[in-house]
Number of protein chains: 2
Amino acid sequence: MTQGTASHAAQPATGDSIAQALSLAIHEHRIAPGTKLGEGELADIYGVSRTVVRAALLSLSHIKLVDIRRNKGASVASPSPTEAHEVFEARELLEPRTAHTAARRATQADIARLERHISDEHAALDAADPGRALYLSGLFHTEIARIADQATIAGFIETLVARSSLIIALYWRRESALCEKHAHHALVQALADGNATQAEELMRSHLVDLHSALDLRERNGRTLSLRDALSP
Amino acid sequence: MTQGTASHAAQPATGDSIAQALSLAIHEHRIAPGTKLGEGELADIYGVSRTVVRAALLSLSHIKLVDIRRNKGASVASPSPTEAHEVFEARELLEPRTAHTAARRATQADIARLERHISDEHAALDAADPGRALYLSGLFHTEIARIADQATIAGFIETLVARSSLIIALYWRRESALCEKHAHHALVQALADGNATQAEELMRSHLVDLHSALDLRERNGRTLSLRDALSP
DNA sequence: CAAACAAAGATTGTATACAATTTTGTGTTC
DNA sequence: GAACACAAAATTGTATACAATCTTTGTTTG
């Protein structure tokens with residue numbers, strides 16, 4: 001991702017593309033929770049007017065990645081401990097069922113794609129790119145939701161996974177910010193075996209494990225210049 | 001709700017207030033699925049510029065009440081049979097658990113409020129206001145989610161309940177568009193008794209019943225002039 | 001009459017200008 | 001140095017102007 005979409009591409013940035021770029025930056029921890037997202041600054045970075053930026057920010061506010069306060073502007077959301085708990089609780093309610101359904105539906109191509117995700121994730125780690133690895137780790141979950149072929153629930157899971165990256169930035173207390181390696185492997189195996197019950201149970205314990213790795217007793221995030229963060 | 005917020009109130013309509021007004025109109029079946037939502041027309045109705053209207057429409061598109069097509073404008077969403085099925089399936093996954101939690105947490109005040117909802121709903125029916133009754137019927141469900149005090153899941157349920165009103169408009173095949181009277185009463189009783197297991201089971205069967213009342217084999221909705229629909 | 005094409009009108013997407021609100025900077029007083 | 005008041009600058013909210021795209025209408029052709 002270069003400086004700004006408009007600078008090097010034939011198409012000007014749209015609200016959607018800016019929202020996606022910001023979402024990715026947030027997900028990869030290139031922008032920290034609490035970071036001010038000034039409309040003028042973003043308009044400069046992306047080479048569009050404030051109108052387009054405002055639409056992007058409004059969209060991101062709907063999935064709670066961005067917090068907009070009237071007359072005070074937008075910033076990257078900073079979930080409270082309560083919100084963090086709720087997000088993981090919601091995941092624990094939705095994702096096991098999704099894994100169950102996915103195990104019944106997964107094709108060879110699906111399994112291959114999941115395995116590619118896992119190896120891409122580890123490649124990113126080896127390349128000292130933990131942000132990328134974190135993003136891919138989350139994408140693994142949304143990919144399982146896609147396989148389950150229930151778009152409504154998959155949409156909720158996508159939102160929850162995105163918010164999880166903010167929560168991890170704020171509350172994670174393990175050295176690695178990632179899901180444990182073997183948990184994803186075991187899930188892929190259960191899906192490959194078409195073992196719905198196993199997939200469901202593995203997903204549940206995986207999420208309970210993630211939830212338990214959160215220290216939900218307040219701490220502060222770091223800040224970073226906006227332009228730097230958006231230029232990996 | 002009079003002609004337009006700006007016409008009679010000290011405050012001009014905001015994106016949020018317009019989105020709420022449109023959502024209510026959709027929920028009460030005053031605007032049908034598929035209805036074109038022209039920016040200029042809405043700007044006239046609400047006495048604001050297109051900028052504010054666009055923000056409202058974008059917000060509504062995020063909860064899938066409105067469908068925005070680039071360069072073609074916005075219309076009230078028209079869920080497909082697949083989407084309809086998914087929405088109720090998601091509700092069947094989320095709401096029983098929510099009812100379970102609500103039964104454990106409900107206060108006397110909560111129960112009184114739910115009972116008031118039920119009687120308001122019947123008053124609306126008696127007043128030959130089925131749209132209002134439908135809205136209140138849905139609100140009963142979101143109220144239970146509020147009692148459960150899990151904002152993340154309650155947010156999802158709110159979205160699903162709103163979309164349900166569109167689905168009912170398109171696919172409902174019973175004479176009354178409402179939840180059955182005794183189902184809500186029984187739920188309130190289970191909550192009042194603090195019987196979490198009963199509440200969960202009653203909610204599940206209630207939703208399965210609603211789901212079964214849908215004829216998910218395509219049919220068309222009606223259309224209505226926009227100004228008429230927004231002036232109850 | 002139907003089909004194809006062009007022109008006119010309407011609508012949507014976006015930039016820019018203006019109004020309103022907030023933040024920052026400066027000076028004064030204690 | 002801290003607190004306060006005020007002015008200036010910056011940012012956010014919204015209207016309006018302009019550009020791009022789509023839809024409707026009118027005209028021509030077979």
Side-chain angles (χ1 to χ4, degrees), chain A residues 4-22 31 34-62 65-78 223-227 229-230, chain B residues 4-22 31 34-62 65-78 223-227 229-230:
Chain A
T5 309
S7 307
H8 304 282
Q11 303 298 326
T14 61
D16 287 341
S17 68
I18 294 171
Q20 283 200 307
L22 287 173
I31 323 188
T35 306
K36 186 78 165 78
L37 301 173
E39 298 176 359
E41 194 172 359
L42 289 174
D44 287 343
I45 289 169
Y46 290 106
V48 294
S49 72
R50 285 175 45 231
T51 309
V52 181
V53 166
R54 289 176 68 81
L57 292 175
L58 185 58
S59 292
L60 290 174
S61 76
H62 285 289
L65 283 192
V66 164
D67 190 28
I68 297 182
R69 296 294 160 85
R70 188 173 176 86
N71 294 327
K72 284 172 160 286
S75 56
V76 178
S78 228
T223 55
L224 183 65
S225 141
L226 200 51
R227 193 174 283 261
L230 293 176
Chain B
T5 310
S7 307
H8 304 281
Q11 303 297 326
T14 62
D16 286 343
S17 68
I18 294 170
Q20 284 199 310
L22 287 173
I31 322 188
T35 306
K36 186 77 165 75
L37 301 173
E39 298 176 3
E41 193 171 1
L42 290 174
D44 287 344
I45 289 169
Y46 290 107
V48 294
S49 72
R50 283 175 45 229
T51 309
V52 181
V53 166
R54 288 176 67 81
L57 292 175
L58 185 56
S59 293
L60 290 174
S61 76
H62 285 289
L65 283 190
V66 164
D67 190 27
I68 297 180
R69 296 294 161 86
R70 188 173 175 89
N71 294 328
K72 285 172 161 287
S75 56
V76 177
S78 230
T223 55
L224 183 65
S225 142
L226 202 48
R227 195 175 281 263
L230 295 175

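Proteins get letters first, then strands, A, B, ... in listed order; numbering begins at 1 in each.
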For this session: Measure the distance from CG on Leu57(B) to P on dT12(C) and round it to the nearest whole Å.
Result: 9 Å
For this session: Would you indicate what Arg54(B) reaches in the nucleic acid, counting non-hydrogen atoms under 4.0 angstrom: base, sugar-phosphate, or nothing?
Result: base
For this session: Check whether any side-chain heavy atom of Leu58(A) sits under 4.5 Å from a side-chain heavy atom of His62(A), and report yes or no.
Result: yes
Problem set entry | Close side-chain approach of Ile18(A) to Leu42(A), heavy-atom, < 4.5 Å | no
For this session: Nearest whole angstrom, please: distance from the C1' of dT14(C) to the CD of Glu39(A).
Result: 14 Å
Seminar exercise, completed: When rounded to whole Å, the CZ to C1' distance for the pair Arg70(B) and dT14(C) reads 9 Å
Exercise. Whole Å only: how far is the CG atom of Asp44(B) from the P atom of dT12(C)?
Worked result: 12 Å
Exercise. Given side chains that start at C-beta, do those of Thr14(A) and Arg70(B) come closer than 4.5 Å, heavy atoms only?
Worked result: yes
Problem set entry | Protein-nucleotide distance (Asn71(B), atom CG; dA10(C), atom C1'), rounded to Å | 14 Å
Seminar exercise, completed: From NZ of Lys72(A) across to P of dA20(C) the rounded distance in Å is 19 Å
Exercise. Please give, in whole Å, the distance from dA17(D) P to Arg50(B) CZ?
Worked result: 12 Å
Exercise. Distance check: side-chain N/O of Lys36(A) vs OP1/OP2 of dT23(C), anything under 4.0 Å?
Worked result: no
Exercise. Considering the options Ile68(B), Leu65(B), Leu37(B), Asp67(B), which one meets the side chain to side chain contact (heavy atoms under 4.5 Å, CB included) requirement together with Leu60(B)?
Worked result: Leu65(B)
For this session: Could you state the atom-to-atom distance from CG of Leu58(A) to C1' of dT12(D) in whole Å?
Result: 14 Å
